[in-house]
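One structure is given below, encoded as structure tokens.
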Amino acid sequence: MKTSTQLRHTLHALDGQSYKAYKRITGTYSCQSFPLQIAHVQADPFATPSRLRVQIPQSIAAYPPETHAHPSRNNALCTYLARQFSTAAHAGSRRNCGSGKSGLIDIDTPGQQVLERTCLFVDDEQVEARFTVGLPADGRRARGLDAAAMLCDDLPAIIAASLTYAANDPGDVRRYTESCEDADHLRAWLPAQELVAFVANGSILPRRSGIDDRPLENAMPFRSPPELEVTVTVPNRGPIAGMGIPAGVTLIVGGGFHGKSTLLNALERGIYNHIPGDGRELVVTDASAVKIRAEDGRSVAGVDISSFISDLPFGQDTIDFSTENASGSTSQAANIVEALELSSHLLLVDEDTAATNFMIRDARMRQLIQAEPITPFIDRVRPLFADCGTSTILVMGGTGDYFAVADTVIAMENYHPRQVTRQARALAAVDPPPAEVEPGIFETAPRIPDPDTFNPGTHTSRRRERIRVTGPKSLLVGRDPIDLSAIAQLIDASQTRALGAALLHLRRTLMDGRRSLAESVTHLMREIERYGLDALTDHPRGDLASFRPQELAAALNRHRPLRVIHGSH
Ligand code: ADP
Ligand code: MG
């Protein structure tokens, strides 16, 4: 291993040379006795910055085992350290020292959610950070002296100030790790209580804006209606009280602007843990929960939507329904069936983003129009729970039709929930119909992706297979775009990058024309669980974050050329 002094000499020597001369520093150096690897050097100052990684042995980093031994705590610690590194890097990097990305030191900085990321790892042996450096340039000439100062002076200082246990506040480390452990405990506790979600009293649900995920200042803290309040003891905070949402059909009603969607959005995100101070640390939802919405224009590949829609005009098949351009209702039906394919136990629906004709059909319309291909969701929401054990939480302020089928009705009033189940039932003048089981209506034949219809090769060369990430929620497979903008629970560009890598891996190793889509996805998730996200890529990357099987399937399902073969049950 070369020394840091050698790195400094090399950089001084290439000062003023062409930018390409930087390629010479690729390699591993000993930086204060731990290895600093310069894995990839950018080709020019405007290209994606250079990739580096550092491994600090625990003899120096010195994290006590209780901060990282348990997976919940480990994720939390890594999130905390990535944020700390980011803060230190932004404070200590020399921006404006040249053209392009000159002087930038950056890491894949986590937002409000705690995701497993490939930018930071902690285990018994070491702390590893993967980050990027914009090697400085004047025009297209290397500024070797600045680069030497960055890599040999600034960087060690940033590392020392952010990555060792001694550099950090043990109280902060504890808050992160204990908070995530409590949240995971809560999520795991839900099923035994026959709950699908829990919102702790005192939680802050609203966000600053649609593009700012931090908590709204001066927001009204959440307080459970007394009838739904449950108390649970979590490992670190001890007993906490909050609203438990029972399995079954739950309706959230209330006037416009009273906080209905805010509550549902918080539940959508309850599949993830949140950083301390977020306000949603103790808002948890069944891990398989899927936000369902209308998504007209999406493509659908051989989905059996016959439980919701049949007898389409001109005899279009709904048992094996394919389209390049789904309507509001057919897209929503496909979204539900695809969620069931991945065994989701909870659907989240908001009237703001649902297709009305899919949700309800009132008595007058039923009288006037008999030829209606849609069996509205209101007629399926109870069988869905009875047959598949899949609960639904539904925001519906505009119609009382669902009173008749809801087990629980929550009214939002000035951001405060009230339990109004009894009143709603009285108005509906019926108890929810006994959940009549209609065996088999939601059963569908496994869909097997046809590998020939998923082609990441460019048309010139099959060997240069790749999936490009073209935006925070868009991918390009070969020449075919995948639009993920309607996937509400895909929340981070690093997840999109990981999905791109996962789809390519899936195509290469699992899509064999025999495995079903659900099997392939499950198989891949097991691989990631065992070997980590690094298993998805041929070289270690620092910009991937974990995703769920639901989002991976969602991406595959939106690949426009995809065709499926139907297997037998
Ligand atoms: P609805 O879906 O009932 O029409 P929203 O959930 O969209 O209402 O909320 C309306 C507005 O109220 C949003 O701007 C939201 O940020 C704000 N809001 C929601 N909950 C709270 C709260 N607890 N405290 C303060 N403001 C809130
Ligand atoms: Mg709303």
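Small disclaimer: the values here were computed from a predicted structure and weren't measured. Ligands are counted one by one from 1 in listed order, and the atoms in each one are counted from 1 as well.
With hydrogens and angles left out, the side-chain atoms of Q112 and D278 include a donor and acceptor closer than 3.5 Å.
Looking at R269 and D213, a side-chain N of the basic residue comes within less than 4.0 Å of a carboxylate O on the acidic one, giving a salt bridge.
Note on ring orientation: taking the six-membered ring where Trp is involved, the planes of F377 and Y402 are tilted (angle from 30° to 60°).
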**OP:** Tell me, with the steps shown, if S494 and R117 meet side-chain contact (heavy atoms from CB on, under 4.5 Å).
**Re:** CA-CA 8 Å; S494 303; R117 287 176 187 270; 3.5 Å; yes
**OP:** Please assess Q113 against D492 for the test side-chain hydrogen bond (donor to acceptor under 3.5 Å, both in side chains), listing each intermediate value before the final yes or no.
**Re:** CA-CA 9 Å; Q113 282 81 23; D492 193 301; over 6 Å; no
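Pairs engaging residues 357-378 under the salt bridge (Lys or Arg N to Asp or Glu O under 4.0 Å) rule: R366-D379 [sequence neighbours left out]. Here salt bridge (Lys or Arg N to Asp or Glu O under 4.0 Å) pairs that include residues 285-306, with residues two or more places apart or in two chains, are E268-K291, E295-R558, R298-E338.
Nearby protein atoms of type N, O or S around the Mg ion (ligand 2) amount to 2 (distance under 2.8 Å).
For ligand 1, the protein residues within 4.0 angstrom (heavy atoms only) are P206, L216, A219, M220, G255, G256, F257, H258, G259, K260, S261, T262, Y415.
Two residues are said to be in side-chain contact when any heavy atoms from C-beta on lie closer than 4.5 Å; I309 and T375 fail this criterion.
A salt bridge (Lys or Arg N to Asp or Glu O under 4.0 Å) with E413 is found for one member of K260, R223, R418 and no other, namely R418.
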